[in-house]
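What you see is a predicted model; the values in this text were computed from it and never measured.
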Amino acid sequence: GSKALQPAGEEGEVARMLGMVNKMLEMNKAALGAALLVGAFAGLWLLQMARKALVRYALTKAFKGKDKLSLLILKTLGGKRPGLLDYQADLPRLPLPPLKKTLEKWLASVKPLITLDQYEDARVAVEEFEGSEEAKYLTRVLRDRHKTLPNWLTDWWLEFAYLRQRAPLPTGSNFYSTDQHENMFGDVCTLDPIRRASDLIVGHLDFKQWLDEGSKPCQLVGGVVPVCMEGFPLVHGTTRVPGEGIDKLRTHVVPADGDAHVLLMVGSTLFKLPVQIKGKRVTSDSLEAAIRVAVKCAKEAKSTKFGSGAYAQPNVSLLTTRERSQWAKNRTLLICGSSKNCMSMDAVEEALFTVVIHDAATGCPKDNLELIKEAMHGDGTRMWYDKCFNLIVFSDSRVAWHYEHTFADAPVPGCAVEHALVASNPRVSHLRVLPEPKGQRFDKMVHAEMLQWDTDCVREFDGWVADARSEFGKLTGDIACGEVDFFDFGINHIKTFKVSPDGFCQAALQVASLRYFGRHVLTYESASLRAFRRGRTETIRSATAEMTAFAKAFAAGEQSKPGGKERVQGLLRSASDVHSRISKQASAGEGFDRHMLSLKLAALTTGVPAPRIFETDAWKLEFELATSQSPILQEHMKAAPTVMTHGGGFAPTSDPGVGVSYHPQRERIYFHVSVRSKDPAKDHERFCQYLREAFAGMRALFADASAVEV
């Protein structure tokens, strides 16, 4: 019997062995599958790392616009719709220019503007400084910042160009923009001002929601090169809070499931208007109804010692027009004196933005002078000048915006306004590039809560307001502002002259400036540094030797002499070429103005004496002509100029001085001109007339140029 069982035992052993082999094979298969899966993931990771490395390489070259390989890499590997901050960490660092080149460029920039003796003094100061131990030390300080910070310049720029500046904001660093062309000079898209206010609030909230969700795409120059987008999250909810030595930025971040509000101003009466409740956006109809009730409440208020109707409440907002340290002291005493004041101040500073229901009309469609004046500074009683922006809605339904400048440069909040204008205008809402965002809506009635102020706790309050009103009158009394428009001439025409559009505009401004001041003056033009991480702006000093040579010849009428026309044309083209070159250098991090300033700040912050360069007359020149070119259209490129804003402007940066913001379009150009002088109205008209004459004369220079096809 035992022999009979033997085969069966052998067969069982074989079966067990086969089972073990099968298990091993299964395990090997699993291991092989796992290995293949890990290998696939590793391969994908390596491909992703290689893509990122290539993109990083391309970003270090592409901003110069000449490296075709880097542009091709970004176009093929960069993604069609990168998210808002997808590129932020990969953007190149702002380069630190070589000291020698900076000093050479600075000397060249001041030479046309000073006497031979002043230039010689500056040249000697540069020669003494360039090879000195202090130059080596200050350069080491800047190099250390370049190695350790995402951007060696930006923190200093924010601190010293903005937050430490003590000048009142309305005519200091703040700026404005206007309504759409057809709304100002035709029929308004929405006749009811309160309805227009609620529609624009919704348009801004749409844009904010896209930002919060990260769905707003990163902006790409030429559809390829990404730029720094860090200013966009600060567009809503940011306030510049005054301090006695230095201000600070406060940005209120609203949780996804939280509450949010805007500050509603009706005269001196302030309301907290809910726009989001527990994560649900309030509808336009509910906002409209709440604004109507608030306006009625304000206008029907009983008289007080402060005023009547909408002005029956204490005018706390007027204090935001004051010198910054003075306003800081006032604010501290107000919020320390009463918990009621502290709560109201928090409500103001946590608001997403301010909406002003203005009780006056604009004078449009006859002209937009009153709209521009109110948008630039107003009378001080109707805006909270520290807020990221004030949306001003006039009684005739026209609108304008007034912006605080510290948190970002004009194109950033300008993009938000562009979207709000398109989304809120029934005539062009079909053009919006960002659709209405999804999400639950709060469609019940909301109530605008009136903010309460206890001014009895501060006996000096009435004196503060009286002083602020007087100071504001003096601050704005020497400023005049307005617009010069060319509706039959634009970029397409200028290109037929073989001159860059920006160079042409700057040349016209130099001619007007020479006639206005009677001499060449230091001229500021802003250049964007947003190709770099945390980049803001660099200075283009437009009054170059070539530009001033053209302006001098043109103003002297050289073009009327035999052979003069061709010679002056040549001078203009030469000036334009130089201007294009230095503009590209500035935007590529090869400028010199910020580097010079940083050398001075390096000395200041480390306690060493400032180099003698900064004591020369050449350095002490002021920017008597401050200019800026900002885009009107950034993303709605299919929109006609008539349905977009006319752009905006700012006050002069010197006293006396001229401020010019200009916006070239394909077939038109808008200039916003402001003048600060002892006779501002007369001098404003004088500069504007010189500008019109310069354009007319420069167009005549090229009267034989081929007609542009429209």
Q: Does the pair Ser628 and Ser661 meet the rule for a side-chain hydrogen bond (donor to acceptor under 3.5 Å, both in side chains), with working shown?
A: CA-CA 5 Å; Ser628 179; Ser661 178; 5.1 Å; no
Q: Looking only at heavy atoms, which two atoms of Val254 and Leu352 are closest? And how far apart?
A: CG2-CD2, 4.0 Å
Q: So Phe175 and Tyr403, would you call those rings parallel, tilted or perpendicular, with 30° and 60° as cut-offs?
A: parallel
Q: Compute the ring centroids of Phe487 and His181, then answer whether they are less than 6.0 Å apart.
A: yes
Q: So which heavy atom on Glu624 is nearest to which on Ser654, and how close?
A: CA-OG, 3.3 Å
Q: Please test His636 against Glu418 for side-chain hydrogen bond (donor to acceptor under 3.5 Å, both in side chains), starting from the C-alpha separation and ending with a verdict.
A: CA-CA 8 Å; His636 295 84; Glu418 178 185 331; 2.7 Å; yes
Q: Lys387 vs Thr239, test: side-chain hydrogen bond (donor to acceptor under 3.5 Å, both in side chains). Steps then yes/no.
A: CA-CA 5 Å; Lys387 289 301 296 180; Thr239 305; 2.9 Å; yes
Q: Looking only at side chains, do Asp199 and Ser284 share a donor and an acceptor under 3.5 Å apart?
A: yes
Q: When rounded to the nearest 0.5 angstrom, what is the spacing between CD in Gln313 and OG1 in Thr304?
A: 7.0 Å
Q: With distance as the sole criterion, is a donor-acceptor pair present between the side chains of Thr238 and Thr251 under 3.5 Å?
A: yes
Q: Between Glu374 and Phe394, is there a side-chain heavy-atom distance shorter than 4.5 Å?
A: yes
Q: Is atom CE of Met445 surrounded by more than 12 heavy atoms (other residues, nucleotides or ligands) closer than 6.0 Å?
A: yes
Q: Between His646 and Phe185, does the ring centroid distance fall short of 6.0 Å?
A: yes
Q: Could you check whether any side-chain N or O of Asn183 sits under 3.5 Å from a backbone N or O of Asp179, counting only pairs where one atom can act as donor and the other as acceptor?
A: no
Q: For the atom pair CD (Glu288) and OG (Ser198), what is the distance rounded to the nearest 0.5 Å?
A: 4.5 Å
Q: Quick check for you: to the nearest 0.5 Å, what is the distance between Lys280 atom NZ and Asp259 atom CG?
A: 12.0 Å
Q: Between Ser344 and Gln452 (side chain of the first, backbone of the second, donor and acceptor by atom type, cut-off under 3.5 Å), is there such a pair?
A: yes
Q: Can you name the closest pair of heavy atoms from Leu263 and Ala351 and give their distance?
A: N-CB, 3.5 Å
Q: Looking at Arg324 and Asp247, is any side-chain nitrogen of the basic one under 4.0 Å from a carboxylate oxygen of the acidic one?
A: yes
Q: When you measure from the side chain of Gln276 to the backbone N and O of Gly258, does any donor-acceptor pair fall under 3.5 Å?
A: yes
Q: For a 4.5 angstrom cut-off between non-hydrogen side-chain atoms, does Tyr385 reach His402?
A: yes
Q: Take the angle between the ring planes of Phe623 and Tyr524 and call it parallel below 30°, perpendicular above 60°, tilted in between.
A: perpendicular
Q: Should the pair Glu635-Lys216 be classified as a salt bridge under the 4.0 Å nitrogen-to-oxygen rule?
A: yes
Q: State whether Lys272 and Asp346 are salt-bridged, where the test is any N-O pair (Lys NZ or Arg NE/NH1/NH2 against Asp/Glu carboxylate O) under 4.0 Å.
A: no
Q: Once you round to the nearest 0.5 Å, how far does SG of Cys415 lie from CG of Leu211?
A: 8.5 Å
Q: Within the structure provided, determine whether Thr455 and Phe306 are in side-chain contact (heavy-atom separation under 4.5 Å).
A: yes
Q: Could you go through the side chain to side chain contact (heavy atoms under 4.5 Å, CB included) check for Ile291 and Phe271 one step at a time?
A: CA-CA 9 Å; Ile291 295 172; Phe271 295 88; over 6 Å; no
Q: Compute the ring centroids of Tyr662 and His672, then answer whether they are less than 6.0 Å apart.
A: no
Q: Would you confirm whether Arg240, through its side chain, and Tyr162, through its main-chain N or O, come within 3.5 Å as a donor-acceptor pair?
A: yes
Q: Indicate the ring-plane relationship of Phe232 and Phe207, choosing parallel, tilted or perpendicular according to the 30° and 60° boundaries.
A: tilted
Q: I want to check something: taking the side chain as every heavy atom from C-beta on, are Arg441 and Val282 in contact at a cut-off of under 4.5 Å?
A: no
Q: Salt-bridge test for Arg536 and Glu230: reply yes if a basic N is under 4.0 Å from a carboxylate O, no otherwise.
A: no
Q: Consider only side-chain N and O atoms of Gln689 and Arg686, and report whether a donor and an acceptor are under 3.5 Å apart.
A: no
Q: What closest approach, in Å, do Gly231 and Ala408 show between heavy atoms, and which atom pair accounts for it?
A: CA-CB, 4.3 Å
Q: Using only heavy-atom distances, determine whether the side chains of Ser677 and Asp683 contain a donor-acceptor pair under 3.5 Å.
A: yes
Q: So, Ser286 and Thr283: side-chain donor and acceptor under 3.5 Å apart, yes or no?
A: yes
Q: Does the separation of the ring centres of His663 and Tyr670 fall below 6.0 angstrom?
A: no
Q: Keeping the roles fixed (side chain from Arg432, backbone from Leu434), state whether a donor-acceptor pair exists under 3.5 Å.
A: yes
Q: Return yes if some donor-acceptor pair links the side-chain N/O of Gln165 with the main-chain N/O of Phe160 below 3.5 Å, else return no.
A: yes
Q: Measure across Ser308 and Ser303 and return the closest heavy-atom pair with its distance rounded to 0.1 Å.
A: CB-OG, 3.2 Å
Q: Taking Asp206 for its side chain and Glu436 for its backbone only, find out whether a donor-acceptor pair lies under 3.5 Å.
A: no
Q: So, Thr406 versus Glu404: side-chain donor-acceptor pair below 3.5 Å or not?
A: yes
Q: Is there a donor-acceptor pair under 3.5 Å between the side chain of Arg322 and the backbone N or O of Trp327?
A: no
Q: Using a strict threshold of under 4.0 Å (side-chain N to carboxylate O), is an ion pair present between Arg281 and Asp443?
A: no
Q: Do Pro168 and Leu475 make a side-chain contact, defined as non-hydrogen atoms from C-beta onward lying under 4.5 Å apart?
A: yes
Q: Are the side chains of Thr171 and Arg676 in touch, meaning some heavy atoms are under 4.5 Å apart?
A: yes
Q: Does the side chain of Met383 reach to within under 4.5 Å of the side chain of Thr354, using non-hydrogen atoms?
A: no
Q: Does Phe389 have its ring centroid less than 6.0 Å away from the ring centroid of His204?
A: yes
Q: Can you tell if the side chain of Leu451 reaches within under 4.5 Å of the side chain of Val348, non-hydrogen atoms only?
A: yes
Q: Begin with the C-alpha distance, continue with both residues' side-chain angles, and end with the deciding distance and a verdict on side-chain hydrogen bond (donor to acceptor under 3.5 Å, both in side chains) for Asn315 and Ser268.
A: CA-CA 5 Å; Asn315 205 320; Ser268 63; 4.7 Å; no
Q: Do Asp462 and Lys305 sit within salt-bridge range, that is, some charged N less than 4.0 Å from a carboxylate O?
A: yes
Q: Could you walk me through whether Arg692 and Glu685 pass salt bridge (charged side-chain N to carboxylate O under 4.0 Å, His left out), step by step?
A: CA-CA 10 Å; Arg692 294 186 194 99; Glu685 178 51 39; 3.3 Å; yes
Q: Does Asp478 use its side chain to pair, donor to acceptor, with the backbone of Asp679 at less than 3.5 Å?
A: no
Q: Looking just at side-chain N and O atoms, do Tyr311 and Arg382 make a donor-acceptor pair shorter than 3.5 Å?
A: yes
Q: Check the side chains of Glu349 and His252 for a donor-acceptor pair under 3.5 angstrom, ignoring hydrogens and angles.
A: no
Q: Considering non-hydrogen atoms only, spot the tightest contact between Phe671 and Asp485 and give its length.
A: N-OD1, 4.2 Å
Q: Please check if the side chain of Ser397 supplies one atom and the backbone of Thr190 the other of a donor-acceptor pair under 3.5 Å.
A: yes
Q: Quick check, are the ring centers of Tyr176 and His377 under 6.0 angstrom apart?
A: no
